[in-house]
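Just so you know, these numbers come straight off a predicted model, no measurement behind them. Here is the naming used below: chain letters follow the sequence lines, and residue numbers restart at 1 for every chain. Just so you know, these numbers use all the heavy atoms, side chains as well, and skip hydrogens, waters and symmetry mates.
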Amino acid sequence: MKLSNYFLPVLKESPSEAEIVSHKLMLRSGMISQSSSGIYSWLPLGLKVLKKIENIVRDEQNKAGVNEILMPTIQPADLWKESGRYEDYGKEMLRINDRQEREMLYGPTNEEQITDIFRRNVKSYKELPMLLYHIQWKFRDELRPRFGVMRGREFLMKDAYSFDIDAASSEDTYNRFFICYLKTFARLGLKAIPMAADTGPIGGDLSHEFIIISNTGESDIYFDNNILNEGNKISDISYDDDLNPIVEKFKSYYSASDEKHDKAKFDEIVHKEKQMNSKGIEVGHIFHFGTKYSNSMKANVLDSDGKEKTVHMGSYGIGISRLVGAIIESSHDESGIIWPDAVSPFTLGVINLKPKDDEASSIANKVYNQIDDKSEVLFDDKNDNAGVKFSRMDLIGLPHQIIIGSKAVSDGLVEYKNRKSGETEFINLDKLGKFLEEMNV
RNA sequence: CGGGGCGUAGCGCAGUCUGGUAGCGCAUCUGGUUUGGGACCAGAGGGUCGCAAGUUCGAAUCUUGCCGCCCCGACCA
């Protein structure tokens, strides 16, 4: 993509409505544009990141054996009356009447909808466990939206739902998602800590939040520092392995958000110097809630003994749009965003410092065309001053930059810059392809 | 929803107290000089001062009502 063709409205100063760094940087780098409180349009750069995250989440769900479906944003109120949540959910739920005065709602979550799909289509224990997910926009009419996309009213969420024949099987499924989540966040370049959590209005008896450390987070967290190292080998785990002992190992470490924090227990089982206390951002939440919905909505299957059984359910959320902000919170510096490779909107940026010099431009174009075949490249071909180009490229956070300047013409050298370390080195033009290949970009 | 703040050009702000018909920086456009870290010179365009009513000869400025946005708190992925 040539920058001269790209819609990238960057700002030198951040709009006053933004308070935290990720919100400021998202506005400054032209990723989003606010529509109303807690509701945003996604501009090209922001949309690209959103899709990258979405695709990693999707891929890991698929690998874990979860089926993707797509449920509507607008749901009939009747389903929610069946589960009893139409009354319970309160003003956070956006209620709408259609032209026939039928009561509808913009879905804040989909337990009722999915349970309805399940009970219409699944009748036998032989089809269990059944794992389904979708990635869809949700709406929760928050009292006070804030922090940009991290706490919006409209947000993109991956929500998965599981159906099992009994509690034991359902806990195995829960553990499967537990591992799936650790793998997902690791792939996104994040260190997510699983924490025992309250189940809240969704209900149930077993629940974990996945939290990344950040001083702008809304949760107060307490954990054993050793749990951070436990996640290092997570990518080596196969879904065919026995996952339960691995999950039990994670659960054996102390980790809790403030509402579950037990100071006496913390002091007892965690060495003083390993006791960590921090703020964190919740990026995922998994629940095992048994028969709460299947019971009220009569989601039953026939078991091997020919008798009807109420299925055991769980639900598993990842806040995809929130992750965009959360990743920036955990990966930026004073110049701007630093994207982890996996979610970067472009794999690398190419800067032509001499757009008016024919020879330099010819080299830059050649470089761009050569690597654009293999990776996604943003090519700064604009006629701006060097400083403008550098600071813009740093702001939008592409992790790898190729800079073409006077030495390209005189000595056949281009500069590679690592956004994160700031380190640079000159590369011979002939060896650039190989260099990038070795860097895996 | 309680408490607080703010709404003036795309962004950041001054002007409001003390009423006299709108200004600064950045951005944008034109011309020129620049070109390895947000460069310079000259010129230009862009605002029913959130909306409505009122007071007044006259309102960005005073009064009332409404709308929007942000912050703190309680609630949530």
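Both tests hold for A/K48 against A/F346: distance to the six-membered ring centre under 6.0 Å, angle to the ring axis within 45°. Cation-pi contact between A/R153 and A/Y106: absent, since separation from the ring centre below 6.0 Å together with deviation from the ring axis within 45° is not met.
Comparing the C1' positions of B/rU33 and B/rA59 gives an interatomic distance of 46 Å, to the nearest angstrom. Taking atom C1' on both B/rA60 and B/rA9, the two are 14 Å apart, rounded to the nearest angstrom. Taking atom C1' on both nucleotides, B/rU8 is separated from B/rG46 by 14 Å, rounded to a whole Å. For the P atoms, the distance from B/rG45 to B/rA22 is 15 Å, rounded to whole Å. Look at the C1' atom in both B/rU55 and B/rA74: the space between them is 42 Å, to the nearest Å. A distance of about 7 Å separates the C1' atoms of B/rG68 and B/rG50, rounded to the whole Å. For the P atoms, the distance linking B/rC72 with B/rG38 amounts to 34 Å, nearest Å. Spacing of P atoms, B/rU64 relative to B/rG5, comes out at 15 Å, to the nearest Å.
In this structure, A/L188 atom CG and B/rA77 atom P are separated by 19 Å, rounded to whole Å. For the pair A/L395 CG and B/rG37 C1', the interatomic distance rounds to 14 Å; values are reported in whole Å. Distance, A/W137 CH2 to B/rA77 C1': 13 Å, rounded to whole Å. Per the geometry, CG belonging to A/L43 stands 17 Å off P belonging to B/rG10, to the nearest Å. Per the geometry, CZ belonging to A/R144 stands 9 Å off P belonging to B/rC70, to the nearest Å.
Proximity of A/S37 to the phosphate of B/rC70: a side-chain N or O atom is located under 4.0 Å from OP1 or OP2. Applying the 4.0 Å criterion to OP1 and OP2 of B/rG12, one finds that A/S14 has every side-chain N and O outside that range.
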Under 4.0 Å protein heavy-atom contacts per nucleotide of nucleotides 24-36 of chain B, with B for base, S for backbone only and - for none: -BS-------BBB
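Position along RNA chain B of the nearest nucleotide to A/M150 versus A/A18 favours A/A18 as the more 5'-ward residue.
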Stepwise, does the side chain to side chain contact (heavy atoms under 4.5 Å, CB included) test hold for A/E60 with A/Y239? CA-CA 11 Å; A/E60 200 58 44; A/Y239 288 107; 2.6 Å; yes
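With salt bridges taken as basic N to acidic carboxylate O contacts below 4.0 Å, one links A/E103 and A/K81.
Aromatic ring pairs are classed by plane angle as parallel below 30°, tilted from 30° to 60° and perpendicular above 60°; the pair A/Y254 and A/H261 is perpendicular.
Ring pair A/F178/A/F210: centre-to-centre distance below 6.0 Å.
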